[in-house]
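A short worksheet on the structure shown next.
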Amino acid sequence: MSDSETMPSAAAGTVPEHVSGAPALPGEALEIASGYAFAGPALDLGALIWDGTCLPDAQIRIPLPMLNRHGLVAGATGTGKTKTLQLIAEQLSAQGVPVFLADIKGDVSGISVPGEPGAKVRKRAAEVHQDWTPAGCPAEFYALGGLGHGIPVRATVTSFGPVLLAKVLELNRTQEQSLGLIFHYADQKGLELVDLKDLRAVVAFLTSDEGKGELKGIGGLSTATAGVILRSLTAFEAQGMSPFFGEPEFDTDELTRTAADGRGVVSVLELPAVQDRPQLFSTFLMWLLADLFHDLPEVGDADRPKLVFFFDEAHLLFSDASKAFLDSITRTVRLIRSKGVGVFFVTQTPKDVPADVLAQLGNRVQHALRAFTPDDQKALKATVKTFPDSPYDLEEVLMGLGTGEAVVTVLSERGAPTPVAVTRLRAPRSLMGPVSAEALDRAVRDSPLYERYARAVDRESAYEKVAAASGSSSPSPSAPSARPSPSSPSRGGPEAARSGGRTRPEEDASVVEQVVGSGLFKSLARSVGTQIGREITRSVFGTARRRR
């Protein structure tokens with residue numbers, strides 16, 4: 001949705017408001033304020049609070065180049081985390097930086113339209129010396145599998161990979177490794193795993209009398225474990241998860257677009273329809289991030305991020321996760337900074353995020369915490385310990401913050417932590433609430449991406465090949481009964497399908513083509529870290545990189 005008639009130009013709102021009258025500030029407040037007087041472009045968060053008083057001459061800001069050093073927005077329910085996301089996102093968009101937002105509760109869609117002036121907004125703007133004018137952002141709305149309001153976002157089972165799929169299936173470490181062997185077998189046999197029925201067909205074949213020989217050939221995979229995986233898949237499908245897997249697969253390059261006027265597009269993933277499937281949507285967000293990681297080139301320290309990714313309800317991602325999964329998240333977060341992508345985790349307390357991931361988050365916006373129980377008290381003390389030393393009594397401050405107030409520390413332009421600053425945050429300029437369902441549906445239908453992704457496609461893949469080869473001891477595509485027809489888009493196996501399905505008949509294929517297409521080559525390529533390996537194999541999450 002674009003409101004070009006009412007929106008400012010891309011340059012509007014990009015010049016940070018500098019601290020004025022700072023010498024009149026109290027000594028300690030002046031020292032804190034000086035830590036936020038950046039020379040380059042920055043996002044304005046709000047005004048410093050010192051000794052219970054809001055000091056609008058001391059502006060608290062985040063340097064734009066430091067947004068790819070990642071961050072954490074935390075706080076108890078109802079303390080204003082969503083509005084903080086909105087405030088940061090709309091300023092990034094104005095600076096030409098694309099943004100991704102996961103809308104768990106369905107109240108972020110208002111970022112696409114100008115806000116409504118009112119007494120509360122005028123009061124907040126006056127308190128922090130904000131020149132508030134209503135403005136929306138160019139936005140696209142997505143929905144997992146098309147469930148809910150949004151352009152459908154799907155992933156193939158192959159690209160999702162065994163590590164992430166094991167997370168959503170709630171498999172243990174042994175079962176996760178076994179699932180990886182099944183993926184490897186499917187690759188070797190040219191059985192493309194597009195949707196869940198493809199994977200179920202392969203596992204069912206391996207656990208059948210007909211496929212027991214193949215199962216033994218994989219190595220390290222027991223019949224009992226394969227049976228557990230099959231039952232987990234069946235239960236997963238029974239819960240209505242099938243729409244999330246299939247084609248056309250979503251191209252994550254869509255998330256890095258800018259509008260015609262130069263502003264960054266805000267991509268909003270609408271998730272209210274899948275709130276009861278938390279592991280699914282949190283893991284899907286990780287798939288999006290992992291896919292971006294392998295698509296984007298290295299940029300080093302850029303003057304602005306290529307994309308800022310907000311990971312809401314982050315505790316769901318880490319809950320009951322295997323060590324391999326956590327290690328992969330840590331690696332991805334650590335390395336994706338060099339691709340120009342910033343990741344902000346949004347959750348209730350820092351303890352929701354593993355220490356190795358938390359250590360990568362250089363920017364912190366901590367809203368109020370509650371301490372009604374002994375566990376709450378422990379969480380409060382643990383949170384205080386994660387901040388640099390400051391003149392504030394942070395335990396007292398964090399319990400007394402009002403809605404729209406937060407404790408802030410970010411990375412300066414030199415990469416050093418800024419002084420801890422209790423901050424009264426600015427009011428977002430876009431609508432602080434959802435747009436109507438009718439307006440949302442209209443924006444989705446009017447999007448140029450709608451026709452590309454709206455209609456699901458079910459082409460020939462592993463399910464059809466296994467069914468066709470049911471009388472054979474192996475569902476290999478080289479068997480006459482399992483070979484796709486010349487018109488099949490999947491002819492030539494998974495890698496050919498990602499290239500558009502264009503291959504020559506087997507008898508005309510060159511020796512090089514046969515070697516490159518072999519399971520052995522794919523297996524070897526998957527194990528090396530070369531560029532060619534990255535092009536055709538799975539990433540640190542076991543996800544397969546598509547050919548663009």
### Task
Just do the side chain to side chain contact (heavy atoms under 4.5 Å, CB included) check on K306 and L292 with the steps written out, would you?
CA-CA 11 Å; K306 284 192 171 183; L292 281 165; over 6 Å; no
Is a side-chain N or O of [X] found less than 3.5 angstrom from the main chain of [Y], in a donor-acceptor match?
X: S93; Y: A89; answer: no
X: K339; Y: D295; answer: no
X: D103; Y: V108; answer: yes
X: N68; Y: S338; answer: no
X: S109; Y: V435; answer: yes
X: H70; Y: G362; answer: no
X: D195; Y: D198; answer: yes
X: Y453; Y: G146; answer: no
X: T386; Y: T383; answer: yes
X: S282; Y: P278; answer: yes

Given side chains that start at C-beta, do those of [X] and [Y] come closer than 4.5 Å, heavy atoms only?
X: F281; Y: I104; result: yes
X: R452; Y: S447; result: no
X: R277; Y: V168; result: no
X: L165; Y: V157; result: yes
X: L179; Y: V163; result: no
X: T82; Y: K105; result: yes
X: E464; Y: D458; result: yes
X: P134; Y: E116; result: no

Got a sec: does the [atom1] of [X] have more than 12 other heavy atoms crowding it under 6.0 Å?
X: R455; atom1: CZ; value: no
X: Y450; atom1: OH; value: no
X: F236; atom1: CZ; value: yes

Starting at [atom1] of [X], measure out to [atom2] of [Y] and round the result to the nearest 0.5 Å.
X: L288; Y: F309; atom1: CG; atom2: CZ; value: 5.0 Å
X: K81; Y: T403; atom1: NZ; atom2: OG1; value: 10.5 Å
X: D44; Y: L425; atom1: CG; atom2: CG; value: 11.5 Å
X: I329; Y: D356; atom1: CD1; atom2: CG; value: 11.5 Å
X: E192; Y: E247; atom1: CD; atom2: CD; value: 6.0 Å
X: Q175; Y: S222; atom1: CD; atom2: OG; value: 9.0 Å

### Task
Before accepting this row, confirm whether a basic side-chain N of the pair E90/R426 lies closer than 4.0 Å to the acidic partner's carboxylate O.
no
### Query
Can you check whether Y142 and F250 have ring centres sitting under 6.0 Å from each other?
yes
### Message
Is the ring pair F160/F284 parallel, tilted or perpendicular, if the boundaries are 30 and 60 degrees?
### Response
tilted
At their closest point, which heavy atom of [X] faces which heavy atom of [Y], and how far apart are they?
X: A462; Y: L193; result: CB-CD2, 4.0 Å
X: V365; Y: A406; result: CG1-CB, 3.6 Å
X: W287; Y: E249; result: CZ2-OE2, 3.9 Å
X: E176; Y: P162; result: CG-O, 4.5 Å
X: H367; Y: L398; result: O-CD2, 4.0 Å
X: V121; Y: A427; result: CG1-CB, 4.4 Å

### side chain to side chain donor-acceptor pair (under 3.5 Å) assessment of D376 paired with T373
CA-CA 5 Å; D376 291 342; T373 69; 3.2 Å; yes
### Message
Let's go through V466 and K189 carefully: what are the C-alpha distance in whole Å and the side-chain angles of both, what is the deciding distance for side chain to side chain contact (heavy atoms under 4.5 Å, CB included) to 0.1 Å, and is it a yes or a no?
### Response
CA-CA 10 Å; V466 170; K189 297 299 181 180; over 6 Å; no
### Message
F345 and side chain to side chain contact (heavy atoms under 4.5 Å, CB included): which single residue from V73, D352, V357 fits?
### Response
V357
### Task
Tell me, with the steps shown, if E170 and S232 meet side chain to side chain donor-acceptor pair (under 3.5 Å).
CA-CA 8 Å; E170 302 181 30; S232 296; over 6 Å; no
### Task
Could you check Q86 against S430 for side chain to side chain contact (heavy atoms under 4.5 Å, CB included), going step by step and ending with a plain yes or no?
CA-CA 8 Å; Q86 199 167 337; S430 52; 2.9 Å; yes
### Query
Just by distance, with hydrogens left out, do Q348 and T77 show a side-chain donor and acceptor under 3.5 Å apart?
yes
### Task
Please determine, by modelled atom types, if T256 and D253 share a side-chain donor-acceptor pair under 3.5 angstrom.
no
#### Entry: side chain to side chain contact (heavy atoms under 4.5 Å, CB included) evaluation trace for L67 with V97
CA-CA 10 Å; L67 267 294; V97 178; over 6 Å; no
